[in-house]
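Note sheet for the following structure.
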Amino acid sequence: MVQIKEFRIVMPMTMEEYEIGIGYTIMKMEEQNTNSQEGVEIIENKPFDDDFLGKGKYTSKLYHLQSKIPSWLKAFAPPNALIVQEESWSTAYKSKTVIKCPFFSKCSLTIETVNKSDNGSSENVHGLNTEQLAIRQVEYLDITSISKDYWSKIIGANNVELTSFKSQKTGRGPLEKGWMELCKPIVTTYKLVTMDAPVWGIGDKMEDLLISGERALFLASHRLCFVWMDDWFGMTKEQISEMEKQKDILLKKTFQKTASNSKVVINGKHETKRKEMQAISSQGIASIFHGYTQPS
């Protein structure tokens, strides 16, 4: 059964600050969680320019997460087959990410994101139809909360108490009770997760596992984005872009030792993905974001 869950994450910053801050945070998390055996392998990172979306960034990545997969799932597949492919199209206001595992080829997880300068009160920013709205679940993720579920422990979420933390550069914080109603500036990222795992016997369990994994990652990354504010505040988009280039080079070097293994598992699909992307680019990629409402 397809599951649709919308996570709303409110952040105490402007839209431009959020774009820079979350970009910095993702880079730092990828570096901290990558070694020669596991972590993030960058396949492609390039800009795109579309008449409908404007300018944005396309990325293709492989996630090697063998030791982080729960034991019950490893019983259905060898560890080296549990490599996750991610393709993402991102702009300042919206993005779409498609995540697949070649071993479970029928399964798909899609994350559609819309960012708005509000406190999470906007309804149906993704333009869902009546049937989709009927099964959609909405959850507000308060970055002051700390989760202790399986994925939160695996990700290694920061345990800084945001109810007492204060940014030295901006003076923002502590985030006390009711902060989401009173805070300025403010931005909300609306993340719509659609999960379909038509796998006999474990489909529902797999859907719950992966959605809870995305929830933990959303919470951890946005908590860190605020905690690391003094590190990235004042940076420009150009500086973040240059840091991304250096990070991609570093991660590629880190994975040189295991590149041959990755190719065996993926079975030559890198080139296929590149050709698919070229075909999409030549036709225009507005259809990728079908259903989005234009940000106001």
Could you tell me which non-hydrogen atom of [X] sits nearest to which non-hydrogen atom of [Y], and how far apart they are?
| X | Y | result |
| --- | --- | --- |
| Gly21 | Thr25 | O-OG1, 2.8 Å |
| Met15 | Ala92 | SD-O, 4.4 Å |
| Thr34 | Gly39 | OG1-CA, 3.7 Å |
| Cys107 | Val199 | SG-CG2, 3.4 Å |
| Ser121 | Tyr190 | N-OH, 3.4 Å |
| Cys225 | Trp232 | O-NE1, 2.9 Å |

For residues [X] and [Y]: do they belong to one hydrophobic cluster (side chain heavy atoms under 4.5 Å, members Ile, Leu, Val, Met, Phe, Trp, Tyr)?
| X | Y | answer |
| --- | --- | --- |
| Met11 | Ile26 | yes |
| Leu133 | Ile135 | yes |
| Tyr63 | Leu250 | no |
| Val10 | Val138 | no |

Going from [atom1] on [X] to [atom2] on [Y], what distance comes out if it is rounded to the nearest 0.5 angstrom?
| X | Y | atom1 | atom2 | result |
| --- | --- | --- | --- | --- |
| Leu209 | Ile202 | CG | CD1 | 9.5 Å |
| Ser167 | Trp228 | OG | CH2 | 15.0 Å |
| Leu182 | Leu175 | CG | CG | 11.5 Å |
| Phe104 | Leu73 | CZ | CG | 5.0 Å |
| Gln246 | Ser241 | CD | OG | 10.5 Å |
| Thr170 | Phe233 | OG1 | CZ | 6.0 Å |

Test item: [X] side-chain N/O and [Y] main-chain N/O as donor-acceptor pair under 3.5 Å:
| X | Y | answer |
| --- | --- | --- |
| Tyr140 | Gly120 | yes |
| Ser122 | Val125 | no |
| Asp230 | Lys169 | yes |
| Arg223 | Val160 | yes |
| Ser88 | Thr59 | no |
| Gln132 | Asn129 | yes |
| Trp179 | Gly173 | no |

Legend entry - Co-members of the apolar cluster containing Trp200 [side chain, <4.5 Å]: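 When side chains under 4.5 Å apart are linked, Trp200 ends up in no cluster with other residues.
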
Legend entry - Contact list for residues 195-211, test salt bridge (charged side-chain N to carboxylate O under 4.0 Å, His left out), sequence neighbours left out: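 Counting only pairs at least two positions apart or across chains, no salt bridge (charged side-chain N to carboxylate O under 4.0 Å, His left out) contact touches residues 195-211.
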
Inset, instruction - Provide the full list of salt bridge (charged side-chain N to carboxylate O under 4.0 Å, His left out) pairs with a residue in residues 4-20, sequence neighbours left out, each pair given once. - result: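 Qualifying pairs: Lys5-Glu139, Glu6-Arg8, Glu6-Arg136, Arg8-Glu123, Glu17-Arg172, Glu19-Lys237.
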
Inset, instruction - Please step through side-chain contact (heavy atoms from CB on, under 4.5 Å) for the pair Glu176 and Thr163, ending with a clear verdict. - result: CA-CA 5 Å; Glu176 300 175 340; Thr163 54; 5.7 Å; no

Inset, instruction - Before giving the answer on side-chain contact (heavy atoms from CB on, under 4.5 Å), spell out for Leu219 and Ser145 the whole-Å C-alpha distance, their side-chain angles and the decisive distance to 0.1 Å. - result: CA-CA 8 Å; Leu219 183 57; Ser145 63; 4.0 Å; yes

Inset, instruction - For Thr113 and Lys191, test the side chains for any donor-to-acceptor distance below 3.5 angstrom and give the result as yes or no. - result: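 Yes, because at least one side-chain N or O of Thr113 sits under 3.5 Å from a partner of the opposite role on Lys191.
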
Is there a side-chain contact between [X] and [Y] (heavy atoms, below 4.5 Å)?
| X | Y | answer |
| --- | --- | --- |
| Asn33 | Val40 | no |
| Ile99 | Leu210 | no |
| Ile211 | Phe7 | yes |
| Lys116 | Thr188 | no |
| Thr91 | Phe48 | yes |
| Met229 | Tyr24 | no |
| Ile146 | Glu161 | yes |
| Arg215 | Val193 | no |

Legend entry - Partner of His64 under side-chain hydrogen bond (donor to acceptor under 3.5 Å, both in side chains), chosen from Glu41, Gln37, Glu38: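 Going through the options one by one, the only one that passes is Glu41.
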
Legend entry - Greater than 12 external heavy atoms within 6.0 Å of Lys166's NZ: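 For Lys166, atom NZ is not crowded (no more than 12 foreign heavy atoms under 6.0 Å).
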
Inset, instruction - Check Lys253, Lys252, Lys245, Lys247 against Ile249 for a side chain to side chain contact (heavy atoms under 4.5 Å, CB included) and give me the one that passes. - result: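 Output: one option passes, namely Lys253.
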
Inset, instruction - Using the side-chain contact (heavy atoms from CB on, under 4.5 Å) rule, take Met27 and Ile240 through it: C-alpha gap first, then chi angles, then the decisive distance, then the call. - result: CA-CA 9 Å; Met27 282 191 294; Ile240 293 295; 4.0 Å; yes

Inset, instruction - Please step through side-chain contact (heavy atoms from CB on, under 4.5 Å) for the pair Lys57 and Asn45, ending with a clear verdict. - result: CA-CA 7 Å; Lys57 179 179 65 176; Asn45 185 343; 3.3 Å; yes

